[in-house]
Amino acid sequence: MSKKAKILTGVFVPLGIIAVFLTIFLSVIFQAHNIRAGIGATDGGYERVLGDIDGIVDANPRIVDIAMLGAHGVSSYNVKAGGKFGLGDVDGPMAKFDPLIKGYTFRFAKTQTVDLKTILAQGARYLQIKCSLYSDGTWWGEHVLLSVPLEVIIKDLLDFLANSTGEVVLPMFEPVYLGEGGTLSDLHDYIATVQVDGKSLYDYVHYDAVNAMHRDGADGVMIGDLRYNDVTLKGTESGVVLLDSPDETKLNVDFIHTGYSEFDKYFFDEDTNAFHPWHHRFDSNLLRDMIDSAAKEATEAKYADMLRVNQTQGAFNTHIQDLDDMIGKWSLIDFANYHNPRVLDDPRFDDWLKAMPIVHTDYTNCNNKDFNKRINEKIRQYNQQLVAGAAA
């Protein structure tokens, strides 16, 4: 390295570090609660997205082929700056530095602006629900920070299912902490205790015991064999397809599958039943190229009988290339407000949708450039064509 280059490096690298520090530090003082985006669309125009498609019962498409709008971190809508950490993250680096960066932590924990009831009415059907057991024995919806009791989220879903004939919802529970010696069975048993008008989520399960780990030759219903009529009783009921996606970085996955709840048989393991690469970056151009690569991989025959999920969302990371966006775009919500329409307007989007019919987003009700309206229209058009093709 030349002497001039060394001098420039010695000047600008420290200045960059100082700028990053000041951005984070000053945000705590002045804008800790500011995500720099609005509440989004709340018109409730998409409470029916499948059940009213002409011919869907006759066509009876496979669940894995139906296009759906996905909502990442639906349990994060009520996180607050300075809020309590979930027990899976309480000893992590974000928690240790939270007194200095609580505004930053909050802005990268909040992925949705509205409750589940509203997200469902805006068309979302594939729902990532991060959750954990807290020290007082309460189950919480969370995303690093605690948001609302899990009971609130499940009851919102039950209210929707009670009034949504013919709709299909895929709740994907992602536990990050199950308690000392806890297993997935503990979560499954808890879900049964949350009821509205005497019904739990299990009353909306209309399939038999599943092949949870997608293993050849194992007993149980394969996710690729589930069809619309199986899940909705030929369109006469609403139905759920239940998924687990335990956080492997925080849980002993082999151990937590060893429970013996009577409800274990209804849950598909998402990691083995879905193609869902998480890109873990925060640059819109790079993310869209990574989505394109994932779409090409998703067309491989080995994924044909699995859910195929387009993870569009950005994520906090330590890549220098993403630093300007992580500072300039301010929050996951602010980034999604910019990024979501770019994903939809990418000329490759139709190919992506065909390869990965589940479009998983942060800020799912984003109304920048009419994103929520247009993505619902695009998904409906896809499903209408799917039904027409299957019926022909």
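The shortest heavy-atom contact between Gly235 and Asn229 is N-OD1, 4.5 Å. In terms of heavy-atom proximity, Ser261 sits nearest to His188 at OG-CB, 4.1 Å. Considering all non-hydrogen atoms of both residues, Asp159 and Lys117 come closest at OD2-NZ, 3.9 Å. Of all non-hydrogen atoms in His280 and Ala315, the two that sit nearest each other are CD2-CB, 3.7 Å. Ile63 and Val168 make their closest contact through CD1-CG1, 4.2 Å (heavy atoms, listed as atom of the first residue, atom of the second, distance). The minimum heavy-atom distance between Asn368 and Pro341, with the atom names listed, is O-CG, 3.5 Å.
Taking the six-membered ring where the residue is Trp, His339 and Phe335 present parallel rings, their angle staying beneath 30° rather than reaching 60°. Using cut-offs of 30° and 60° on the angle between ring planes, the pair His72 and His360 is perpendicular.
Tyr190 has its ring centre no less than 6.0 Å from the ring centre of Phe173.
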Please tabulate, one pair per line, all N/O donor-acceptor pairs under 3.5 Å involving side-chain atoms of residues 209-216, not counting sequence neighbours.
from: Asn211; atom 1: OD1; to: His214; atom 2: N; distance (Å): 3.2
from: Asn211; atom 1: OD1; to: Arg215; atom 2: N; distance (Å): 3.0
from: Asn211; atom 1: ND2; to: Arg215; atom 2: O; distance (Å): 2.8
from: Asn211; atom 1: ND2; to: Ala218; atom 2: O; distance (Å): 3.4

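Using a 4.0 Å cut-off between a side-chain N of Lys or Arg and a carboxylate O of Asp or Glu, Lys84 and Asp89 do not qualify as a salt bridge. A salt bridge links Glu174 with Lys130; the closest basic N to acidic carboxylate O contact falls under 4.0 Å. A salt bridge does not link Asp351 to Arg348: none of the charged side-chain nitrogens sits closer than 4.0 Å to a carboxylate oxygen. Residues Asp350 and Lys378 are paired through a salt bridge, judged by an N-O separation under 4.0 Å between the basic side chain and the carboxylate.
The CG atom of Leu50 lies 6.5 Å from the CE atom of Met68; values are rounded to the nearest 0.5 Å. Separation of atoms CZ (Arg342) and CZ (Arg288) is listed at 4.0 Å; rounding is to 0.5 Å. One distance of note links NZ of Lys296 with CE of Met356; it measures 10.0 Å at 0.5 Å rounding. Within the model, atoms CH2 of Trp140 and CG of Leu87 stand 11.5 Å from one another, a figure rounded to the nearest 0.5 Å. Rounded to the nearest 0.5 angstrom, Leu251 CG and Tyr177 OH are separated by 9.5 Å. The distance from the CD atom of Gln112 to the OG atom of Ser75 is 9.5 Å, given to the nearest 0.5 Å.
For Asp54, the CG atom sits in a loose shell: 12 or fewer heavy atoms of surrounding residues, nucleotides or ligands are nearer than 6.0 Å. More than 12 heavy atoms of other residues, nucleotides or ligands lie within 6.0 Å of NZ in Lys250, so this atom counts as buried by the packing criterion.
Side chains of Leu184 and His257 form a contact here, defined as non-hydrogen atoms less than 4.5 Å apart. Using a 4.5 Å cut-off on side-chain heavy atoms (C-beta onward), Leu178 and Phe255 make no contact. For the pair Leu120 and Arg125, the minimum side-chain heavy-atom distance is below 4.5 Å. Counting heavy atoms from C-beta on, the side chains of Lys110 and His143 never come closer than 4.5 Å. In this structure, Ser200 and Ile154 have side chains that are not in contact, with every pair of non-hydrogen atoms separated by 4.5 Å or more. For the pair Trp352/Asp346, a side-chain contact is recorded, criterion being any heavy-atom separation below 4.5 Å from C-beta on. Residues Phe160 and Val169 have side chains in contact (heavy-atom distance under 4.5 Å, counting atoms from C-beta outward). Contact check for Ile129 versus Leu150: side-chain heavy atoms found under the 4.5 Å cut-off.
A continuous path of Ile, Leu, Val, Met, Phe, Trp and Tyr side chains, each step under 4.5 Å between heavy atoms, connects Leu127 with Tyr204, placing both in one hydrophobic cluster. Note: the hydrophobic cluster containing Leu170 also contains Leu201 (ILVMFWY, side chain heavy atoms under 4.5 Å, direct or indirect links). Under the 4.5 Å side-chain heavy-atom criterion for Ile, Leu, Val, Met, Phe, Trp and Tyr, Val205 and Ile223 are members of the same hydrophobic cluster. In the hydrophobic clustering of ILVMFWY residues, with side-chain heavy atoms under 4.5 Å counting as a link, Ile56 and Tyr207 come out together. Both Tyr266 and Val240 are members of a single hydrophobic cluster when ILVMFWY side chains are connected at heavy-atom separations under 4.5 Å.
No donor-acceptor distance shorter than 3.5 angstrom exists from the side chain of Thr118 to the backbone of Thr42, with no hydrogens or angles considered. Looking at Asp370, its side chain never comes within 3.5 Å of a backbone N or O of Lys373 through a donor-acceptor pair. A distance-only check finds no donor-acceptor pair linking the side chain of Gln384 to the backbone of Ile53 [under 3.5 Å]. Side chain of Asn337 to backbone of Ile333: no donor-acceptor contact under 3.5 angstrom is found. The closest donor-acceptor contact from the side chain of Asn365 to the backbone of Ile119 lies at 3.5 Å or more, if one exists at all. Looking at Arg308, its side chain does come within 3.5 Å of a backbone N or O of Ala355 through a donor-acceptor pair. Judged by distance alone, the side chain of Ser331 and the main-chain N or O of Arg107 form no donor-acceptor pair under 3.5 Å. Using modelled atom types, no side-chain atom of Ser164 and backbone atom of Ser238 make a donor-acceptor pair closer than 3.5 Å. Within the 3.5 Å criterion, the main-chain N or O of Gly73 finds a donor-acceptor partner in the side chain of Thr111. Checked by atom type and distance alone, the side chain of Glu167 pairs as donor or acceptor with a backbone atom of Val49 at under 3.5 Å.
Residues Gln313 and Asn340 have side chains that never bring a donor and an acceptor to within less than 3.5 angstrom of each other. Under 3.5 Å, the side chains of Asp136 and Thr138 contain a donor-acceptor pair of N or O atoms.
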Decide side chain to side chain contact (heavy atoms under 4.5 Å, CB included) for Phe108 and Leu332; before the verdict, give the C-alpha distance in whole Å, the side-chain angles of both, and the deciding distance to 0.1 Å. CA-CA 5 Å; Phe108 281 81; Leu332 288 179; 3.9 Å; yes
Using the salt bridge (charged side-chain N to carboxylate O under 4.0 Å, His left out) rule, take Asp230 and Arg62 through it: C-alpha gap first, then chi angles, then the decisive distance, then the call. CA-CA 9 Å; Asp230 300 323; Arg62 298 192 309 165; over 6 Å; no
Could you go through Asn367 and Gln122, starting from their C-alpha distance and side-chain angles, then the distance that decides it, and tell me whether this counts as side chain to side chain contact (heavy atoms under 4.5 Å, CB included)? CA-CA 11 Å; Asn367 57 359; Gln122 296 307 135; over 6 Å; no
Take Ile191 and Tyr202 through the side chain to side chain contact (heavy atoms under 4.5 Å, CB included) test and state the conclusion after the steps. CA-CA 8 Å; Ile191 290 170; Tyr202 301 117; 3.7 Å; yes
Between Val148 and Tyr77, does a side chain to side chain contact (heavy atoms under 4.5 Å, CB included) hold up when you go through it step by step? CA-CA 8 Å; Val148 293; Tyr77 67 91; 3.7 Å; yes
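In this structure, the side chain to side chain donor-acceptor pair (under 3.5 Å) partners of Asp345, at least two apart in sequence or on a different chain, are Arg374. Every residue two or more places apart in sequence or in another chain was checked for a side chain to side chain donor-acceptor pair (under 3.5 Å) with Thr236, and none qualifies.
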